[in-house]
There are 2 protein chains.
Amino acid sequence: MLQSANLHYDKQINDAVLLGSEPNSIQELFRKQPVERLVAGQSLFFEGDAAKHLFEVVEGTLRIFKIISDGRRVITGFLHAGDIVGVSLKDRYLYSAEAITNTKVRRFSRKAFDNEVAGSPQLRPEVFARLCDEMAAAQDQMVLLSCKSAEERICTFLLRELLRAASDGEVDFVIELPMTRLDIADYLGLTIETVSRSITKLTSKGVLAPVGRHSLRVVKRSALVQLSGGDDELARDGWKLAGCERRPRH
Amino acid sequence: MLQSANLHYDKQINDAVLLGSEPNSIQELFRKQPVERLVAGQSLFFEGDAAKHLFEVVEGTLRIFKIISDGRRVITGFLHAGDIVGVSLKDRYLYSAEAITNTKVRRFSRKAFDNEVAGSPQLRPEVFARLCDEMAAAQDQMVLLSCKSAEERICTFLLRELLRAASDGEVDFVIELPMTRLDIADYLGLTIETVSRSITKLTSKGVLAPVGRHSLRVVKRSALVQLSGGDDELARDGWKLAGCERRPRH
DNA sequence: CGCTCACTTGACGTTGCTCAAACCGAGTGG
DNA sequence: CCACTCGGTTTGAGCAACGTCAAGTGAGCG
């Protein structure tokens, strides 16, 4: 698998040794690797394949997903510039990865990576931190999927994207959504129709405003927070919640 | 928090140094620690508390969960004898932990643990492996919550428990379920009523048989597999699934 | 211009949630 | 030994959110 038809990947990439300079961040490790290009829709690797490489996303967006036996697809995450994919892997990929947009990645041999990390007390905490973040994100997603309504899911998703955009320096309240509605639906455990309807409803409420085909403007951020059933990943601090009476689900 | 009212925990536990013998498994690390007892319902730690300790479950069952702002509870996992809780943590607990049954645990200081691991090339792969397993489990749970019907969730859950029991040496097809229906419901993203109805339906189909109050006998394991929407954690090998046409959700 | 593909909108059906009542085993006290 | 209570659980009836099916819209592109 992974025929890498039009991948710029021929050279001695796997054996990068990085003599001399001890890298003290994961990013640095990848910096010397050549950039490979993926066109929109192209696969990077498949669930079940031997996990020989890690990847750093340089530019663009990927989806990672599982296909279950009856053909249903579950998207477990989206990857953006700066993300590393494959840290939490043993010998096989747990999921498939595909480019949503045209994407640039850097590749690093898993074995070399493990060696680098094993030999560097600098790197280990960073790897560990990334694993923890990944775990925290997975738990947030479980919360979302466990007990949030369609609208709450959409709002949570949009807030995450907004937060990410903000941390990337985007100051205006415009969210880029390179993925299709089907991607969003498969990520949030909904259908395209429900996703579409929820977004329509939010725009008609004046919370969102459409900006071109693949972007949304957040008009009322506070309303979005309100409607997201706010628990996680915004206020990872204020642990107040005294009364624990259960509320109806929806 | 964590007043440890009736915890047998007074001595110099945190500073266990383990002179001389380099431990080469995590279990061994905990072996020297005193056993603490929790009565059913007792809390071990709370979401948001400073994560000062890791715990090994020696005996009994714990639930780990989050409470979201409106009081809804999401159980993200159950812990059984042999499990370690807290490996995937940074400075704060991401979830609360409570004993379901009377439970025995061993405690280990996070700082000491990190030191041990940092200094031992033996231990690191094991820690890493546990993290990966945790991650894989989280992904399986996301798949379950994303797109499985109530019955599929129940069947998947029961199969997991069966598998666990089997790996613990239990040969007969009896599953112990120390947790309440509410626990199961909050774990599977359902209500108690739906859990109850699903189990009733499965017993009336002859797939299950009730054994006492808190146990179930699996009469037709194959049917259970069939009905689980089988994708994950049974056959982590057979990656065939050619056709990818989507099937209706339920 | 006319295709396709992503998306939107509408009508309808079903799953699973809500509310409510009955059930049952385990304690507890008379 | 029985009555009583009290959780946890089961069962039933009704309903609403969301999925399904189907038709319509609009943008991109050869």
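Naming: A, B, ... by sequence-line order, numbering from 1 per chain.
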hbond_proxy B:R181 side chain to D:dG7 base (donor-acceptor, 3.5 Å cutoff): no
Do the side chains of A:K104 and A:E36 get close enough for a salt bridge, i.e. N-O under 4.0 angstrom? no
A:T194 side-chain N/O to D:dC18 phosphate OP1/OP2 under 4.0 Å: no
Is there a residue in residues 204-219 of chain A whose heavy atoms reach under 4.0 Å of DNA chain D, and which residues are they? none
Donor-acceptor pair, side chain of A:E152 and main chain of A:S149, under 3.5 angstrom: yes
I need the full list of salt bridge (Lys or Arg N to Asp or Glu O under 4.0 Å) pairs touching residues 204-213 of chain A, with sequence neighbours left out, sorted by first then second residue. A:E151-A:K205
If you round to the nearest 0.5 Å, how far is CD1 of A:I184 from OG of A:S196? 10.0 Å
Phosphate contact (D:dG8 OP1 or OP2) by B:T180 side-chain N/O below 4.0 Å: no
Please give, in whole Å, the distance from C:dA6 C1' to A:M179 CE? 15 Å
Side chain of B:E193, heavy atoms from C-beta onward: which of C:dC17, D:dG12, D:dT9 has the nearest atom to it? D:dG12
Using five base pairs at each end, measure the axis-to-axis angle across the helix from C:dC1-D:dG30 to C:dG30-D:dC1 and round it to 10 degrees. 20°
What integer distance in Å separates B:K148:NZ from C:dT15:P? 18 Å
Between the side chain of A:S146 and the main-chain N/O of A:M142, is any donor-acceptor distance below 3.5 Å? yes
Sequence neighbours left out, what passes side-chain contact (heavy atoms from CB on, under 4.5 Å) with B:E161? Give chain and number order. B:H80, B:F157, B:R164, B:I175, B:L177
On a plain distance test, is the side chain of A:E151 in donor-acceptor contact with the base of D:dC18 below 3.5 Å? no
note: A:L177, atom CG; C:dA6, atom C1'; distance rounded to Å ~ 14 Å
If you check the A:S196 side chain, which of C:dT18, D:dG19, C:dC7 turns out closest? C:dC7
Would you say the side-chain atoms of A:D186 pair up with the backbone N or O of A:D183, donor to acceptor, closer than 3.5 Å? no
Take the protein atom NZ of A:K201 and the nucleotide atom C1' of D:dC18, then report the distance between them rounded to whole Å. 12 Å
Assign each of B:R153 and A:V195 the nucleotide of DNA chain C bearing its closest heavy atom; nearer the 5' end lies the nucleotide of A:V195
May I have the distance from A:D186 (atom CG) to C:dA6 (atom P), rounded to whole angstrom? 13 Å
Distance test, side-chain N/O of A:T200 to OP1/OP2 of C:dT9, below 4.0 Å: yes
On a plain distance test, is the side chain of B:R197 in donor-acceptor contact with the base of D:dG12 below 3.5 Å? yes
A:L190 CG to C:dT15 C1', in whole Å, measures 15 Å
Return the set of residues passing side-chain contact (heavy atoms from CB on, under 4.5 Å) with B:N102 (not counting sequence neighbours), or none when no residue passes. B:V39, B:A40
Let me know the distance between CD1 of A:I154 and P of D:dC18, rounded to the nearest Å. 10 Å
Got a sec, which residues hit side-chain contact (heavy atoms from CB on, under 4.5 Å) with A:R106, two or more places apart in sequence or on another chain? A:F30, A:Q33, A:V35, A:E56, A:V58
What is the distance, rounded to the nearest whole Å, between atom CD1 of B:I192 and atom P of C:dA22? 17 Å
Quick one: sort the A:Y95 and A:F45 rings into parallel, tilted or perpendicular, breaks at 30° and 60°. tilted
